[in-house]
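Notes to accompany the following structure.
Side-chain atoms are counted along with the backbone in the values below, which use heavy atoms only and exclude waters and symmetry mates.
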Amino acid sequence: MNTNTTINIQDVKDEISYWIDEAIAREIQLFEIQSVFRKALNGLSGRSFDDLKLRSQNETDEKKLLDLSARLIDFVRSHILFDDKLVSLFPDMQSATQINQFLQTYFNDNKNYSGQITGNYQPFEKNDLTNGVFFYQFCIVREVNIRQEISTSNLNANIANQFHNVYGVKRIPLNCFDFILIDLNNNKIITGIDLARVLGKNELNVALNSFYINFRKIINDTAISSFLNKPQDLFPKIQIFYDEVKDQTNGVTEINFITPAGTAHYEKLRGKSKDLRIAPYHEKGVEGVKNETENGVLLNNDITPYKIGKKYYRDIGDIEIHLKSSYLALHSTNGSHLYQAYIYATRNYNDLNFALQKLVT
């Protein structure tokens, strides 16, 4: 019997367009998808997502198209599963073993799987990463608001003639993958919520609360699940990230800080520079604050960072961690606190673990 199957090239092209749309919806950077195209099509790419779609539609080389499709699917799926996460840390968890047993039971029960991703949480995949470290992924459909350009050809002529560009907000469903990591060796639990960059702050809070409600149902023990009310305070990490040794392995890409006078500043990395801390405009400003005197006496002042973006430069792909407190939090009567971190550009568990270790240590 002939087992050869005929490949429908148009189906492959349509699949490529589908995954480009997924990348757009999840706000994956254009240059990252361009890189996938260049590797598959020998340097040929496009200046926009629409250009990339057109480029793939015009390609006639079956082998190149299949390679592009495989690379694109692998890249976007790895982003969906491991990237763009809002994480919370729970160290010193003496009940970690019990919680792990609850999750093992939940993931091993076939009744908890529906066969398709829906608007309700269900188990997706369980991985025993190393001895004593377990990674549980949950899946759910979330609706998100996506800003899209509307073709003027689809509008009433009277309206179309008044505008060059028209944009609308479209609500679309996206498959999301949240996780729970349990490290029995260190009695530590970490939770992660998908679409940290895409969702607004309020939407993220809703997603986090929904995830914890589901988590509590799995544990089904109020005393044990009460740990979810006490995540680790990550605010001190902002200063630690800022003070980290200045070398080629890391750099501050964004920072919000206040001076002793109470003036708030925001700075973002410019051009091809890799670290704000060694940029002349930042160094001079900090030096000016440190050299402030009163009656000829040096005040030993310094800036107080309250929001920071940190990038770790690696041969296998750079990773970003953002800690986002606020100016108001600095002046809270209860002191400054921060309970979540944003992790970007992690493509597999090793990348994710790299970022998590920067927060834990």
Side-chain angles (χ1 to χ4, degrees), residues 26-27 79-93 96 99 121 135-138 140 142 144 174 176-183 186 188-216 225-242 244 252-257 266 304-312 319-332 334-346 349 351-361:
R26 297 185 67 91
E27 298 187 8
H79 168 93
I80 292 171
L81 293 176
F82 296 101
D83 195 0
D84 196 15
K85 307 298 183 185
L86 179 79
V87 300
S88 301
L89 283 64
F90 302 89
D92 303 320
M93 288 294 304
I99 294 170
Y121 273 110
F135 191 68
Y136 300 94
Q137 281 184 308
F138 298 77
I140 190 171
R142 291 195 180 104
V144 299
L174 285 180
C176 297
F177 297 86
D178 304 339
F179 73 81
I180 297 169
L181 183 146
I182 297 185
D183 183 349
N186 298 293
K188 177 176 60 188
I189 293 178
I190 299 173
T191 63
I193 302 298
D194 199 6
L195 294 183
R197 190 194 303 270
V198 177
L199 296 175
K201 187 175 181 180
N202 289 337
E203 290 177 306
L204 265 178
N205 286 334
V206 170
L208 182 66
N209 289 333
S210 176
F211 187 53
Y212 284 178
I213 288 171
N214 183 69
F215 196 0
R216 288 187 176 95
S225 63
S226 64
F227 81 90
L228 290 169
N229 300 321
K230 304 171 185 176
Q232 179 180 337
D233 187 359
L234 296 173
F235 189 87
K237 277 290 178 181
I238 297 175
Q239 188 68 51
I240 292 172
F241 274 11
Y242 182 77
E244 192 171 6
V252 173
T253 58
E254 278 187 275
I255 189 169
N256 292 68
F257 62 89
Y266 167 71
T304 302
Y306 59 88
K307 188 182 295 187
I308 195 167
K310 195 72 183 284
K311 181 174 281 191
Y312 290 91
I319 287 175
E320 289 187 62
I321 304 173
H322 288 244
L323 296 170
K324 303 180 182 183
S325 186
S326 67
Y327 181 85
L328 293 176
L330 287 176
H331 300 89
S332 170
N334 296 320
S336 303
H337 302 285
L338 178 67
Y339 299 110
Q340 287 91 33
Y342 296 74
I343 294 177
Y344 307 126
T346 45
Y349 170 72
D351 287 353
L352 188 60
N353 187 53
F354 175 90
L356 294 175
Q357 290 306 311
K358 293 296 180 181
L359 293 167
V360 170
T361 55

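- Without hydrogens or angle criteria, E203 side chain to G200 main chain gives a donor-acceptor distance under 3.5 Å.
- Applying the side chain to side chain contact (heavy atoms under 4.5 Å, CB included) criterion to E320, with sequence neighbours excluded, gives T253, K311, H322, Y344.
- Counting only distance, with no hydrogens or angles, the side chain of Q137 and the backbone of L81 share a donor-acceptor pair below 3.5 Å.
- The closest side-chain heavy-atom distance from I190 to I180 is not below 4.5 Å.
- You'll find the side chain of D84 reaches within 4.5 Å of the side chain of H79, heavy atoms only.
- The CD1 atom of I240 lies 10.0 Å from the CG atom of L323; values are rounded to the nearest 0.5 Å.
- There is a side-chain donor-acceptor pair under 3.5 Å between Y312 and E244.
- A heavy-atom distance below 4.5 Å is found between the side chains of L208 and Q340.
- Taken from CD in E254 to OH in Y266, the straight-line distance is 3.5 Å, to the nearest 0.5 Å.
- The backbone N or O of Y349 sits nowhere less than 3.5 Å from a side-chain atom of N353 that would complete a donor-acceptor pair.
- Nearest approach of R26 to V198, heavy atoms of both residues: O-CG2, 3.5 Å.
- For the pair D194/K85, a side-chain contact is recorded, criterion being any heavy-atom separation below 4.5 Å from C-beta on.
- For F211 and Y121, the gap between ring centers is short of 6.0 Å.
- Using a 4.5 Å cut-off on side-chain heavy atoms (C-beta onward), L228 and F90 make contact.
- The heavy-atom pair separating A96 from I182 by the smallest distance is O-CG2, 4.0 Å.
- The residues K230 and D92 are annotated as not salt-bridged, no charged nitrogen and carboxylate oxygen being separated by less than 4.0 angstrom.
- Within the model, atoms CD1 of I321 and CD1 of I343 stand 5.5 Å from one another, a figure rounded to the nearest 0.5 Å.
- Of the inter-residue distances, the one linking L195 atom CG with I193 atom CD1 reads 10.0 Å to the nearest 0.5 angstrom.
- Contact detail for A345 and D351: the closest heavy-atom pair is O-OD2, 4.2 Å.
- No side-chain heavy atom of T191 sits less than 4.5 Å from a side-chain heavy atom of L181.
- Within the 3.5 Å criterion, the main-chain N or O of K307 finds no donor-acceptor partner in the side chain of S325.
- Checked against F179 for a ring pair (Phe, Tyr, Trp, His ring centres under 6.0 Å), the options F135, Y136, F215 give a single hit: F135.
- Taking the ring centroids of F177 and F138, they lie at or beyond the 6.0 Å cut-off.
- Contact record, A355 with I319: CB-CG2, 4.0 Å, taken as the closest heavy-atom pair.
- The minimum heavy-atom distance between F235 and L330, with the atom names listed, is CZ-CD2, 3.5 Å.
- Note that CZ of F257 is 10.0 Å distant from OG1 of T304, once rounded to the nearest 0.5 Å.
- Residues A329 and S336 approach most closely at O-OG, 3.1 Å, considering heavy atoms.
- Figure legend: K324 and Y342 shown as a cation-pi pair, the cationic atom lying under 6.0 angstrom from the six-membered ring centre and within 45 degrees of its axis.
- The line from CD1 of I238 to CG of L338 is 5.5 Å long, rounded to the nearest 0.5 Å.
- Between P305 and Y242 there is a side-chain heavy-atom pair separated by less than 4.5 Å.
- The closest side-chain heavy-atom distance from L174 to R142 is not below 4.5 Å.
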